[in-house]
*Asks:* 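Can you read through this structure? Questions will come right after.
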Amino acid sequence: MILAIETSCDDTCAAIMDGDRLSASIVSSQTEFHALYGGVVPEVASRHHLELVNPVIAEALEAAKVSLSEISRIAVTNRPGLIGALLVGVSTAKAIAYSLGVEFVAVSHLEGHIAANYLSPEPMEPPFVCLVASGGHTSIVMVHDYRRFDLLGQTLDDAAGEALDKGARLLGLGYPGGAEMDALAACGDPEYITFPVGLNKQGNLDFSFSGVKTALYYKLKKLGGEEIETHMADIAASYQASVVKALVGKTIAAAMANDCAQICLSGGVSANSELRRRLFEACDSQDIRLRIPPPELCTDNAAMIASAARYLSAIPFPEYLSIGAMASGGFAA
Amino acid sequence: MPALAIDTATEVLALALGDEEHVIAESGTEAGRSHLEMLLPSAQELLSSAGMAITDMEAVVVGRGPGTFSGLRVGIATARALVQSLEIPLYGYSTLEAMAQEIAAGVESRKASWILPMIDARRGQVFTQLFRKEGENGLKTESGVLSLDPDRLSEVLPGKSAEVRAGGNGSIAYREILEDNRQLALLSLDDPANRVRASWHLGALRSAVLYQPGQLLSVLPSYVREPDADKSALQKKREPWLK
Ligand SMILES: [Zn+2]
């Protein structure tokens with residue numbers, strides 16, 4: 001039985017997995033606190049993690065109706081993420097493994113997002129191309145099998161979710177703005193303004209969203225209050241369309257280039273309706289099977305960390321006692 | 001009641017093993033910013049040097065600072081996880097008080113004396129608190145815990161004639177400013193009493209328990225300072241085209 005802990009950004013998460021069955025997954029979101037600041041404040045996030053991590057673990061154990069003594073493996077996200085946030089989870093996980101005398105596994109957050117696709121209700125089997133898009137990361141990964149990955153592309157500046165949130169902020173929408181922009185864009189004209197698509201060269205699978213953000217800034221400055229107000233939905237739809245176009249175009253290109261007929265999506269941005277619609281259309285026309293996990297598995301959670309931990313080797317005692325946390329870094333070395 | 005004491009509020013990773021009466025073993029390692037990597041290996045080493053295991057512990061005592069936020073969180077998260085899984089009580093102790101006891105121990109007995117431990121709070125400040133040594137082992141708090149610019153120490157110091165013994169890593173970090181203050185008798189730079197010793201924390205075993213298994217686990221650091229985040233930044237950042 002695996003106990004997994006995830007504290008890499010602003011959600012404190014714990015999950016219990018028994019074999020292939022997810023027994024509990026608890027997520028304590030801090031969004032309301034960070035909304036006060038208009039973004040995730042690392043020190044605020046770290047303080048909340050410390051307060052919440054043990055109660056969240058207790059809640060997961062209770063929901064799964066198991067006691068800590070039944071746990072045989074502790075898994076924790078130790079990279080990449082906010083360093084101060086990560087070290088709360090890693091300290092906790094190591095100390096639990098140490099005092100219980102059980103196995104310890106360090107998991108990459110990105111690997112976790114990929115492993116969300118192995119969970120019910122519709123487990124996916126590799127090989128597939130996985131687009132991980134959230135407020136913290138944007139990566140395209142070729143998943144050859146459960147233990148072998150290739151990072152095909154990633155963002156060189158802002159993450160996709162960050163780009164949507166920043167755009168929303170420029171439009172005066174609340175935090176986190178991505179969802180509000182999505183709702184607003186639903187009744188707008190995505191062709192009202194043509195925004196640039198970053199690194200839009202064939203064969204380039206990296207992303208850049210700083211250009212479209214800057215373009216929006218100058219466009220809004222030029223348009224002025226009245227036109228912005230009248231065309232708010234159109235502007236939001238056009239901006240969102242540019243971000244989505246990059247995500248869809250590069251993900252499809254990655255699948256084609258790797259002769260892969262399956263695409264999976266993970267990360268908070270997979271809730272975006274424009275992305276889902278466009279990606280379904282594109283996959284349909286290319287005969288690619290698309291799978292998007294349910295929303296609670298797409299956003300940050302510990303179930304995906306438990307899922308990934310099933311395929312990783314434990315770090316032996318006493319080596320794991322000196323495991324640290326890393327702000328950057330990807331798959332297992 | 002064998003207990004493990006942990007303090008990660010400063011760059012010293014301080015550990016002690018003992019009970020209400022005795023210190024069995026103790027260590028103090030320069031950890032810099034590597035508390036996460038070094039804490040459990042050091043604890044394991046200390047325990048095995050005493051022929052004990054973590055499962056032999058019947059309590060954990062943790063230093064609550066104040067000090068470096070990340071360092072404190074490693075120590076407190078570790079302590080919280082240990083007591084949660086071992087189902088044993090958790091005690092907390094002030095890092096400043098442990099430091100004051102160490103400084104006071106160097107003062108000639110029977111002589112009343114003012115003690116001022118200082119912890120580097122970064123950004124030009126120290127965390128500090130005024131204590132008074134009375135009798136053999138007595139230590140009284142004479143102020144609250146403060147985060148102060150070192151040149152504003154007069155806000156905590158007693159009447160001008162009193163000599164105050166000061167030490168701790170804060171007294172080293174801001175040496176030049178502090179040396180101008182005639183009232184302070186600073187420990188020499190290499191005096192070991194500048195460093196936190198976790199054995200003082202074992203004294204907490206005689207005081208109130210902070211957490212018993214089955215309770216809500218709410219033991220947190222003594223942060224003293226609010227997080228650096230400006231709630232009004234959101235408002236200020238509003239773009240000119242927005243009303
Ligand atoms: Zn994520």
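A, B, ... follow the sequence lines: proteins, then strands. Residue 1 opens every chain. These numbers were taken from a predicted model, which means no experiment stands behind them. Hydrogens, waters and symmetry mates play no part in the numbers below; they use all other heavy atoms, side chains included.
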*Asks:* Please determine whether the number of non-hydrogen atoms from other residues, nucleotides or ligands lying under 6.0 Å from atom CD of A/E180 exceeds 12.
*Replies:*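 For A/E180, atom CD is crowded (more than 12 foreign heavy atoms under 6.0 Å).
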*Asks:* Is it the side chain or the backbone of A/Y320 that comes within 4.5 Å of chain B heavy atoms, both, or neither?
*Replies:* neither
*Asks:* For residues A/I323 and B/E37, determine if any side-chain heavy atom of one lies less than 4.5 Å from a side-chain heavy atom of the other.
*Replies:* no
*Asks:* Please check if atom CZ in B/R33 has more than 12 non-hydrogen atoms from other residues, nucleotides or ligands closer than 6.0 Å.
*Replies:* no
*Asks:* Is there side-chain contact between B/T78 and A/T92, with heavy atoms separated by less than 4.5 Å?
*Replies:*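 In short, these two side chains do not touch, never coming nearer than 4.5 Å.
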*Asks:* Using a 6.0 Å cut-off, check whether atom CD of B/E20 has over 12 heavy atoms from anything other than its own residue.
*Replies:* yes
*Asks:* Any chance you could measure B/L217, atom CG, to A/I57, atom CD1, to the nearest 0.5 Å?
*Replies:*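 Atom-to-atom, B/L217:CG and A/I57:CD1 are 9.5 Å apart.
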*Asks:* Could you check if a side-chain atom of A/S91 sits within less than 4.5 angstrom of a side-chain atom of B/R73, using non-hydrogen atoms only?
*Replies:* no
*Asks:* Could you tell me the separation between the CG atom of B/L86 and the OH atom of A/Y98, rounded to the nearest 0.5 Å?
*Replies:* 9.5 Å
*Asks:* Checking heavy atoms, do the side chain of A/I83, its backbone, both or neither come under 4.5 Å from chain B?
*Replies:* neither
*Asks:* So A/R47 and B/L220, do their side chains get closer than 4.5 Å, heavy atoms only?
*Replies:*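 They are not in side-chain contact.
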*Asks:* Can you give me the closest heavy-atom contact between A/S99 and B/T55, atom names plus distance?
*Replies:* O-CG2, 3.6 Å
*Asks:* Is the side chain of A/E43 donor-acceptor paired with the backbone N or O of B/P227 at a distance under 3.5 Å, no angle test?
*Replies:* no
*Asks:* Might you confirm whether atom CD of B/Q215 has over 12 heavy atoms from other residues, nucleotides or ligands at distances under 6.0 Å?
*Replies:*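 Atom CD in B/Q215 is crowded, with more than 12 foreign heavy atoms closer than 6.0 Å.
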*Asks:* For A/L87, is it the side chain, the backbone, both or neither that has a heavy atom under 4.5 Å from a heavy atom of chain B?
*Replies:*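 Its backbone and side chain both get close to chain B.
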*Asks:* Give, as side chain, backbone, both or neither, the part of A/A93 having an atom under 4.5 angstrom from any heavy atom of chain B.
*Replies:*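 The answer is neither part of A/A93.
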*Asks:* Quick one: does B/L36's side chain get under 4.5 Å of A/K94's, heavy atoms only?
*Replies:* yes
*Asks:* Could you grab the distance from atom CG of A/L100 to atom OG of B/S85, nearest 0.5 Å is fine?
*Replies:* 5.0 Å
*Asks:* Answer with side chain, backbone, both or neither: which region of B/S218 has an atom nearer than 4.5 Å to a non-hydrogen atom of chain A?
*Replies:* neither
*Asks:* To the nearest 0.5 angstrom, please state how far the CG atom of A/L321 sits from the CG atom of B/L40.
*Replies:*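 With rounding to 0.5 Å, CG (A/L321) is 5.5 Å from CG (B/L40).
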*Asks:* Heavy-atom cut-off 4.5 Å, strictly under: side chain, backbone, both or neither for B/I88 against chain A?
*Replies:*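 Neither part.
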*Asks:* Can you measure from OH (B/Y211) to CG (A/N54) and round to the nearest 0.5 angstrom?
*Replies:* 8.0 Å
*Asks:* For A/G84 and B/S70, work out which heavy atoms get closest and say how close.
*Replies:*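 Heavy atoms of A/G84 and B/S70 come nearest at CA-OG, 4.5 Å.
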